[in-house]
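A short worksheet on the structure shown next.
Because only heavy atoms are used, hydrogens play no part in the values below, and waters and symmetry mates are left out as well, while side chains stay in. Please read all numbers here as calculations on a predicted model, not as lab measurements. Numbers restart at 1 for each chain; the letters A, B, ... are given by sequence-line order, proteins then strands.
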Amino acid sequence: MTLVLQNTLTRKKQEFEPIDPKNIGIYVCGPTVYDYAHIGNARPVVAFDMLYRLLRHSYGAEHVKLVANITDIDDKIMKRAAEENKDISEVADYFSQSYSEDMAALLALPPDATPKATETLPEMFAMMETLIEKGHAYEAEGHVLFHVPSMKNYGRLSGNSSDEILAGARIEVAPYKKDPADFVLWKPSSDDQPGWDGPYGRGRPGWHLECSCMIAKHLGKTIDIHAGGLDLVFPHHENEIAQSECAHGVPFARYWIHNGMLQMTGEKMSKSEGNIETVRDLLKSFPGEALRLTLLSAHYRQPLDFNRALVAEQKRRLDRWYRLTAEVEAAEVPETLITALEDDLNTPKALAALEALAKPETAAELKAGANFMGLLTASAAGWFQSAGSDEIFADEVEKLIAERIEARKSGDFSKADDIRDNLTSQGIILEDSATGTGWRRAD
RNA sequence: GGCGCGGUGGCGGAGAGGCUACGCAGCGGAUUGCAAAUCCGUGUACACCAGUUCGAAUCUGGUCCGCGCCUCCA
């Protein structure tokens, strides 16, 4: 069985054939760091982390390179910095750090490189120069603009032609644009705005340019896989293609894969809608693995209506798996799991494959498969008993359990039940078994 | 208006012409001093209307509804 991916570019499921199996490149569009990441931001990270893990498994970890950018210069960061009276680098560094922490809590492997826009300026200047030389870009009133009509097959990723894009579109056309569809590569900064000096005057880059440059710098002119959210198909990815292919004259990315949007009661989750749950807040109520599993419980391309009940459900599933694998060493990763994932990252099918192994005889395979998916990575004791900050301590629980065992031995069940009820009210659940009494923290 | 995606049981969610996944919840039972956990059993589904077919959730046409993108977006 080989990996098959739904390619946005061809609108088909296609067998994945790397350019060079010893050197596979994958790029995932990363965050603009102006606020805490919400759970919708985490969906591509977790989904494509699964792809990264699968590619490492199939081709060898040392032969796969994952690059994800950090956009650390942007008008939203500038706005935030102005509001808080801080330097933009201070805001960007803080949220960049919190982003890495949050994604690590969701068990996403760190990318091999996380380039920042501010570190990629020389490459941006060079690409703009090339584009101007080749007649694909021009300077106007301090801006550098990409001239869309200069590219014959612009729009093939999103299925729009530039005419169609403009028909009924809600854009105000800046007077310095030669064509309404032209987009900004570089824009001027006023004196009170952050800016960088360069060949086109003091200013800052447009949104799309950094990705084109980072990909060329870290992965090459043609890459295997470019991934990101469905909402980036147009204009962001379309414009990346335009910049890169016009500058380099070779195809940009062979496989484009896009994740569907997370929703909140039927509406897309987004900061501008204000209907978000931050990863940071959710982590106060749920373990990272439960959030990860929730994101993996639906296929990455499907919309997923997010709510906390879903996470609680997946938490219970993990509870069951942790019980089953508590004393078990992981075996080989089961082939049924790999087969399911190779079918366009079909994680729900993969989870069903794990459920088929969720019995005592095959617990070792369950553990291996779950580990492969970034699950069951803690110890069972840690999972069930890990202490919250202000909660009852483990040795206190053990002391009360011992008292209760004495009471039960002497037939004083009402005292035994009092102890248990008391613990329950503190969020501790007791489990009597043939071998003794265990405990865990309630959800 | 243009481009695209989708509607599956109480809920989540795969599948894609005949074998009706899987999980959560529910119900019945076992076990337990009582619980918890576990185990066994169990019901309910393919938005609507036509058509193709021996046979349609699955293919075709139409209808309805929902969602995304159309220069802030994961």
Side-chain angles (χ1 to χ4, degrees), chain A residues 8 11 28-32 34 37-48 68 74-76 79 148 155 157-161 163-174 180-184 206-208 227-236 238-239 258-263 266-273 293-294 297-305 307 309-310 312-317 319-320 323-324 340 343 346-356 358-360 408 411-414 416-417 420-421 424 428-434 437-440 442:
Chain A
T8 308
R11 283 153 228 285
V28 179
C29 279
T32 300
Y34 69 103
H38 62 71
I39 188 72
N41 297 129
R43 188 177 203 192
V45 175
V46 170
F48 303 130
D74 171 272
D75 286 8
K76 289 192 291 275
K79 182 165 174 269
V148 168
L157 179 69
S158 59
N160 296 110
S161 72
D163 296 347
E164 284 163 347
I165 290 162
L166 297 172
R170 50 177 201 220
I171 51 170
E172 278 175 51
V173 181
D182 292 353
F183 59 90
V184 168
W207 175 30
H208 317 297
L230 199 58
D231 54 352
L232 298 182
V233 171
F234 188 88
H236 184 53
E238 203 71 82
N239 291 350
H258 291 100
N259 64 278
M261 298 295 104
L262 232 60
Q263 306 187 347
E267 298 288 312
K268 176 182 168 185
M269 182 185 292
S270 74
K271 278 172 195 157
S272 48
E273 295 289 330
L293 182 54
T294 303
S297 70
H299 185 95
Y300 75 93
R301 269 187 292 111
Q302 293 296 123
L304 172 59
D305 209 331
N307 63 68
L310 291 181
E313 181 181 326
Q314 299 306 332
K315 162 75 165 56
R316 285 192 287 276
R317 174 187 242 173
D319 287 345
R320 199 175 83 243
R323 280 194 189 92
L324 209 46
D343 180 13
N346 194 330
T347 50
K349 206 152 103 185
L351 295 172
L354 291 185
E355 287 295 350
K359 50 195 175 191
R408 290 179 71 205
D412 187 354
F413 292 117
S414 80
D417 289 350
R420 186 173 62 197
D421 291 347
T424 303
I428 302 294
I429 292 170
L430 299 190
E431 295 177 359
D432 294 331
S433 74
T437 297
W439 64 278
R440 67 188 158 92

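- The side chain of A/R323 places an N or O atom within less than 4.0 Å of a non-bridging phosphate oxygen (OP1 or OP2) of B/rU38.
- With B/rU71, B/rG15, B/rA74 as the candidates, the nucleotide lying closest to the side chain of A/L262 is B/rA74.
- If you take CG of A/D432 and P of B/rA37, they are 12 Å apart, rounded to a whole angstrom.
- Remark: B/rA47 base-pairs with B/rU63; criterion is Watson-Crick or G-U wobble with both hydrogen-bond distances under 3.5 Å.
- Taking only side-chain atoms of A/M269, from C-beta outward, the nucleotide of B/rA35, B/rG68, B/rA74 with the closest atom is B/rA74.
- Across all strands shown, A/G40 has heavy atoms under 4.0 Å from base atoms, whether or not it also approaches the sugar-phosphate.
- Here, B/rA56 and B/rG17 have their P atoms 14 Å apart, quoted to the whole Å.
- One donor-acceptor pair, N or O on each side, does fall under 3.5 Å between the base of B/rA35 and the side chain of A/R420.
- For the OP1/OP2 pair of B/rC5 and a distance below 4.0 Å, the side-chain nitrogens and oxygens of A/R11 include no atom meeting the criterion.
- Counting atom types as modelled, A/E313 pairs a side-chain N or O with a base atom of B/rG23 as donor and acceptor under 3.5 Å.
- Comparing the C1' positions of B/rU32 and B/rA36 gives an interatomic distance of 9 Å, to the nearest angstrom.
- B/rA30 and B/rC64 are spaced 49 Å apart, taking the C1' atom of each and rounding to whole Å.
- Considering only side-chain atoms of A/R316, the nucleotide from B/rC22, B/rG13, B/rA25 that sits closest is B/rA25.
- Rounded to a whole angstrom, the distance from the C1' atom of B/rG7 to that of B/rA57 is 11 Å.
- Between A/K268 and B/rC69 there is a side-chain polar atom (N or O) within less than 4.0 angstrom of OP1 or OP2.
- Taking the six-membered ring for Trp and thresholds of 30 and 60 degrees, A/H208 and A/H236 have ring planes inclined between 30 and 60 degrees apart.
- Each of A/A352 and A/L430 lies near RNA chain B, and the nucleotide nearest A/A352 is the one positioned closer to the 5' end.
- Side-chain proximity of A/K349 to B/rC72, B/rA14, B/rG13: nearest is B/rA14.
- Between A/E273 and A/K268, none of the side-chain N atoms (NZ, or NE/NH1/NH2) sits under 4.0 Å from a carboxylate O, so this pair counts as no salt bridge.
- Salt-bridge annotation for A/K315 and A/D319: present, with a side-chain N of the basic residue lying under 4.0 Å from a carboxylate O of the acidic one.
- Nucleotides B/rU53 and B/rG12 have their C1' atoms positioned 34 Å apart, rounded to a whole Å.
- Neither OP1 nor OP2 of B/rG4 sits under 4.0 Å from any side-chain N or O of A/R301.
- The CG atom of A/L230 sits 10.0 Å away from the CZ atom of A/R43 when rounded to the nearest 0.5 Å.
- Atom CZ in A/F234 sits about 11 Å away from atom P in B/rC72, given to the nearest Å.
- Taking atom CZ of A/R43 as the reference point, atom P of B/rC67 lies 17 Å away to the nearest angstrom.
- Comparing the same atom, C1', in B/rC59 and in B/rA16 gives a spacing of 10 Å after rounding to whole Å.
- For the atom pair A/L304 CG and A/T294 OG1, the distance stands at 8.0 Å (nearest 0.5 Å).
- The interatomic distance linking A/M261 (CE) with B/rC69 (P) rounds to 8 Å, in whole Å.
- Under the Watson-Crick or G-U wobble criterion, with both distances below 3.5 Å, B/rG12 is paired with B/rC22.
- An OP1 or OP2 oxygen of B/rG15 is reached within less than 4.0 angstrom by a side-chain nitrogen or oxygen of A/N346.
- B/rU38 atom P lies 9 Å from atom CG of A/L324, rounded to whole Å.
- Nucleotides B/rG43 and B/rC34 are separated by 30 Å at their C1' atoms, to the nearest Å.
- Base pairing analysis places B/rC39 opposite B/rG29; the two distances defining the Watson-Crick or G-U wobble pair are each below 3.5 Å.
- Comparing B/rA14 with B/rU52, their C1' atoms are spaced 27 Å from each other, to the whole Å.
- Across all strands shown, B/rG55 forms no Watson-Crick or G-U wobble pair with both distances under 3.5 Å.
- A straight line from CZ of A/R320 to C1' of B/rA36 spans 16 Å, rounded to a whole angstrom.
- A donor-acceptor pair under 3.5 Å is formed between the side chain of A/N307 and the backbone N or O of A/L310.
- The 5' end of RNA chain B is approached more closely, in terms of each residue's nearest nucleotide, by A/H299 than by the other of A/H299 and A/N239.
- The nucleotide B/rU71 finds no pairing partner, because no Watson-Crick or G-U wobble arrangement with both distances shorter than 3.5 Å includes it.
- If you take CG of A/L310 and P of B/rG10, they are 17 Å apart, rounded to a whole angstrom.
- Closest to the A/R317 side chain, of the nucleotides B/rC22, B/rA36, B/rC67, is B/rC22.
- Look at B/rA57: its glycosidic torsion is within 90° of 0, and that puts it in the syn range.
- Between A/R420 and A/D417 there is a salt bridge, with a side-chain nitrogen of the basic residue lying less than 4.0 Å from a carboxylate oxygen of the acidic one.
- Remark: the A/D417 side chain and the B/rG33 base include a donor-acceptor N/O pair separated by less than 3.5 Å.
- One atom, CG of A/D319, and another, P of B/rA25, lie 10 Å apart when rounded to the nearest Å.
- Between B/rA37, B/rA74, B/rG33, one nucleotide has an atom nearer to the side chain of A/R440 than all others, and that is B/rA37.
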